[in-house]
**Student:** 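Below: one structure in structure tokens.
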Amino acid sequence: MKKKVVFFSFFSSLFSPLVLVLFIAIFAGGAIGAILGQEDETSCVDTGSTITVNVDSKSTEENAKAMFAHWKEKYNATPQAGSGILGTLQMESQLDPAAVNASSGATGIAQWLGNRKTNLEALASEKGKEVTNLGLQLEYLDQELASSYYASSKEIFQLTDVHEAAKEWLMKFEGMSQNPEQWFLDQRYAYADHWYSVIGSGDLISNGILDNAVSNEANEVTCGTTSTIADGEVLDVAKSLIGYFTYSQPKRTQFGTVEYIDKYGYADCSSFVWLVLAKAGYSVPENVGWFTGSMTADARGSHEWLEEVAETSAKAGDIIIVNQGAGVGNNGHTAVLAEDWHGETTKVIEQGGMQKNGVGEGQINLSFGSLLSGGDICYARPVKKVESKK
């Protein structure tokens with residue numbers, strides 16, 4: 001006992017009472033941390049306001065996988081729920097944490113605005129991170145879900161229907177129940193269905209691909225091979241449909257079937273391209289499950305149906321897609337190149353654009369018009385399934 005008293009007296013003589021208190025606090029904190037175990041950099045375990053989610057933004061697909069991995073760990077999210085939520089969020093931001101609405105200033109994957117954007121910026125300042133950091137935005141989303149106002153949205157993570165999850169997130173988290181003109185459910189469902197095709201496989205999860213996405217080690221998953229040159233058959237099919245169909249977005253899938261095409265049916269630009277590729281033997285989403293926004297996302301992401309090519313490499317039979325914003329409705333257009341790309345006077349075969357009264361020949365600068373001003377231009381080549389080559 002005397003030795004301990006002497007030691008303590010000696011120790012006290014070296015340090016002021018304040019320093020001593022700080023030392024003991026640091027020592028105790030370190031000891032407790034050693035007992036409980038230190039959280040590693042990629043941990044998403046909720047430890048209160050000190051939680052840090054470390055996820056870097058990459059491609060649309062890698063961002064989607066990282067987001068789902070986080071939700072699966074934190075909320076035990078089902079693949080259906082994760083896909084539905086991703087589909088709705090992609091409609092807002094293309095899952096890009098750096099997305100900013102040019103007119104409103106809404107920011108990030110959930111397009112935060114007003115006080116919510118201010119709170120996001122405050123968290124970024126507190127954490128010493130950029131507002132555009134994906135991990136920071138996931139952390140902020142968690143904080144919102146922990147609040148009483150958004151708490152009911154956490155129930156969505158347990159849903160087992162992709163479309164129900166997409167709509168519920170739109171209604172509850174985004175609060176859009178009174179704004180049906182902004183629902184665009186067909187487009188959100190198309191995005192959601194795409195993500196379920198990516199993350200809905202048990203093999204995908206068990207192989208650790210989603211977990212690896214968080215640590216930036218995502219593996220390649222592909223079910224087909226990419227065409228290295230444009231396919232002349234695509235252009236042949238497109239030309240064979242000149243004079244067919246009446247342009248209609250609401251009736252865009254009423255063109256008959258791939259085997260029995262109804263010349264007097266209906267199509268819009270993206271359903272026409274869908275039909276052309278399907279007729280030419282390429283893989284396309286079921287039930288015309290895409291629009292111009294999701295076409296570009298796939299061409300730059302999972303390459304399930306399309307793969308982006310350089311503008312100067314685009315050939316006759318390739319696809320041009322141009323989007324303003326999310327590419328919804330009249331904010332997007334797509335067509336088949338009728339000749340090798342040689343600038344904005346390159347000819348295209350299209351439905352819509354210059355051709356409202358049936359499929360016909362157009363020209364990039366005239367067919368895409370104002371969409372080219374600040375629009376996102378993507379040239380893409382179709383991807384054919386391995387099975388289709390047998």
Side-chain angles (χ1 to χ4, degrees), residues 29 33 36-58 62-78 81-101 104-159 165-177 195 199 210-211 213-216:
L36 298 179
Q38 297 298 318
E39 185 178 2
D40 63 33
E41 290 186 356
T42 59
S43 175
C44 296
V45 178
D46 190 352
T47 57
S49 62
T50 60
I51 180 174
T52 296
V53 183
N54 291 292
V55 182
D56 294 327
S57 176
K58 286 196 166 185
E62 288 174 306
N63 286 354
K65 289 178 179 179
M67 291 164 70
F68 176 68
H70 174 68
W71 295 334
K72 181 174 174 59
E73 181 174 355
K74 188 170 181 64
Y75 305 107
N76 195 28
T78 66
S83 301
I85 295 170
L86 287 169
T88 289
L89 287 177
Q90 185 170 359
M91 187 73 181
E92 310 304 328
S93 64
Q94 292 300 306
L95 308 183
D96 180 4
V100 177
N101 185 292
S104 69
T107 297
I109 55 175
Q111 289 292 275
W112 288 288
L113 190 61
N115 288 337
R116 298 173 74 191
K117 179 183 175 183
T118 300
N119 292 336
L120 172 65
E121 293 168 344
L123 180 63
S125 178
E126 175 190 336
K127 296 291 185 179
K129 291 187 174 183
E130 296 292 332
V131 172
T132 56
N133 180 274
L134 178 58
L136 177 86
Q137 292 187 14
L138 287 174
E139 182 177 345
Y140 180 66
L141 186 60
D142 289 340
Q143 288 189 5
E144 288 198 320
L145 291 171
S147 70
S148 59
Y149 188 84
Y150 292 104
S152 64
S153 297
K154 289 192 289 188
E155 300 171 359
I156 301 171
F157 289 106
Q158 308 310 313
L159 295 177
K167 187 173 182 180
E168 284 295 290
W169 190 264
L170 180 66
M171 300 300 140
K172 289 185 176 180
F173 183 79
E174 298 192 12
M176 299 294 290
S177 60
W195 291 123
I199 68 176
L210 297 180
D211 293 332
V214 178
S215 57
N216 302 322

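Note that these values count all heavy atoms, side chains included, but never hydrogens, waters or copies made by symmetry.
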**Student:** Per the ring pair (Phe, Tyr, Trp, His ring centres under 6.0 Å) rule, what does the pair list look like for residues 118-139, sequence neighbours excluded?
**Tutor:**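 Output for this query is empty, none listed.
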**Student:** Please check: side-chain N/O of Thr88 versus main-chain N/O of Ile85, any donor-acceptor pairing under 3.5 Å?
**Tutor:**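 Judged by distance alone, no pair lies under 3.5 Å.
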**Student:** Rounded to the nearest 0.5 Å, how far does CD of Glu168 lie from CD of Glu174?
**Tutor:**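 Between Glu174 CD and Glu168 CD, I get 12.5 Å after rounding to 0.5 Å.
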**Student:** Do Ile199 and Leu86 have side-chain heavy atoms sitting under 4.5 Å apart?
**Tutor:**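 Side-chain contact under 4.5 Å: yes.
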**Student:** Find the distance between CG (Leu95) and CD (Gln90) and round it off to the nearest 0.5 Å.
**Tutor:**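 It comes to 4.5 Å.
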**Student:** Run the ring pair (Phe, Tyr, Trp, His ring centres under 6.0 Å) test against Trp169 and tell me which residues pass, sequence neighbours left out.
**Tutor:**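 Here the qualifying residues are Phe157, Phe173.
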**Student:** Listed by chain and number, what are the salt bridge (charged side-chain N to carboxylate O under 4.0 Å, His left out) partners of Glu130, not counting sequence neighbours?
**Tutor:**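 Partners of Glu130 under the salt bridge (charged side-chain N to carboxylate O under 4.0 Å, His left out) test: none.
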**Student:** So do Asn63 and Ile109 actually touch side chain to side chain, heavy atoms under 4.5 Å?
**Tutor:**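 Sidechains of Asn63 and Ile109: no contact.
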**Student:** Run the side chain to side chain contact (heavy atoms under 4.5 Å, CB included) test on Asp142 and Tyr75 for me, step by step, so that the C-alpha distance in whole Å, both residues' side-chain angles and the decisive distance to 0.1 Å come before the verdict.
**Tutor:** CA-CA 10 Å; Asp142 289 340; Tyr75 305 107; 2.7 Å; yes
**Student:** Could you tell me whether a side-chain N or O of Ser93 sits under 3.5 Å from a main-chain N or O of Ala110, the two making a donor and an acceptor?
**Tutor:**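 No; judged by distance alone, with no hydrogens or angles, the pair does not exist.
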**Student:** Less than 3.5 Å apart, any donor N or O on the side chain of Trp112 or Gln137 sitting next to an acceptor on the other?
**Tutor:**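 Side-chain D/A pair, Trp112 to Gln137: absent.
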**Student:** Once rounded to the nearest 0.5 Å, what's the spacing between atom NZ of Lys154 and atom NZ of Lys74?
**Tutor:**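 Here the rounded value is 8.0 Å.
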**Student:** Measure across Ala165 and Ala81 and return the closest heavy-atom pair with its distance rounded to 0.1 Å.
**Tutor:**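 For Ala165 and Ala81, the tightest heavy-atom pair comes out as CB-CA, 3.7 Å.
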**Student:** For Leu159, is there any backbone N or O sitting under 3.5 Å from a side-chain donor or acceptor partner on Thr78?
**Tutor:**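 Such a contact is found between Thr78 side chain and Leu159 backbone.
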**Student:** Does the side chain of Ile156 reach to within under 4.5 Å of the side chain of Trp71, using non-hydrogen atoms?
**Tutor:**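 Heavy-atom side-chain distance check fails, nothing below 4.5 Å.
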**Student:** Using only atom types and a distance under 3.5 Å, with no angle test, would you say the side chain of Lys172 pairs donor to acceptor with the backbone of Glu155?
**Tutor:**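 A pair under 3.5 Å: no.
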**Student:** Do we see a donor-acceptor contact under 3.5 Å between the side chains of Tyr140 and Asn133?
**Tutor:**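 No, no side-chain donor-acceptor pair sits under 3.5 Å.
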**Student:** Taking Leu89 as the fixed residue, which of Gln111, Met67, Gln94 is the one that meets the side chain to side chain contact (heavy atoms under 4.5 Å, CB included) rule?
**Tutor:**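 Single side chain to side chain contact (heavy atoms under 4.5 Å, CB included) partner of Leu89 among Gln111, Met67, Gln94: Met67.
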**Student:** If you measure from CD on Glu126 to CG on Asn119, what distance do you get to the nearest 0.5 Å?
**Tutor:**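 The CG atom of Asn119 is 11.0 Å from CD of Glu126, to the nearest 0.5 Å.
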**Student:** I need the minimum non-hydrogen distance between Leu113 and Gly105, along with the two atoms involved.
**Tutor:**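 The answer is CD1-C, 4.1 Å.
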**Student:** With rounding to the nearest 0.5 Å, note down the distance linking CG in Asn101 to OG1 in Thr107.
**Tutor:**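 So the gap between those two atoms works out to 9.0 Å.
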**Student:** Nearest 0.5 Å please: distance from the CE atom of Met171 over to the CE atom of Met176.
**Tutor:**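 Reported value, rounded in 0.5 Å steps: 8.0 Å.
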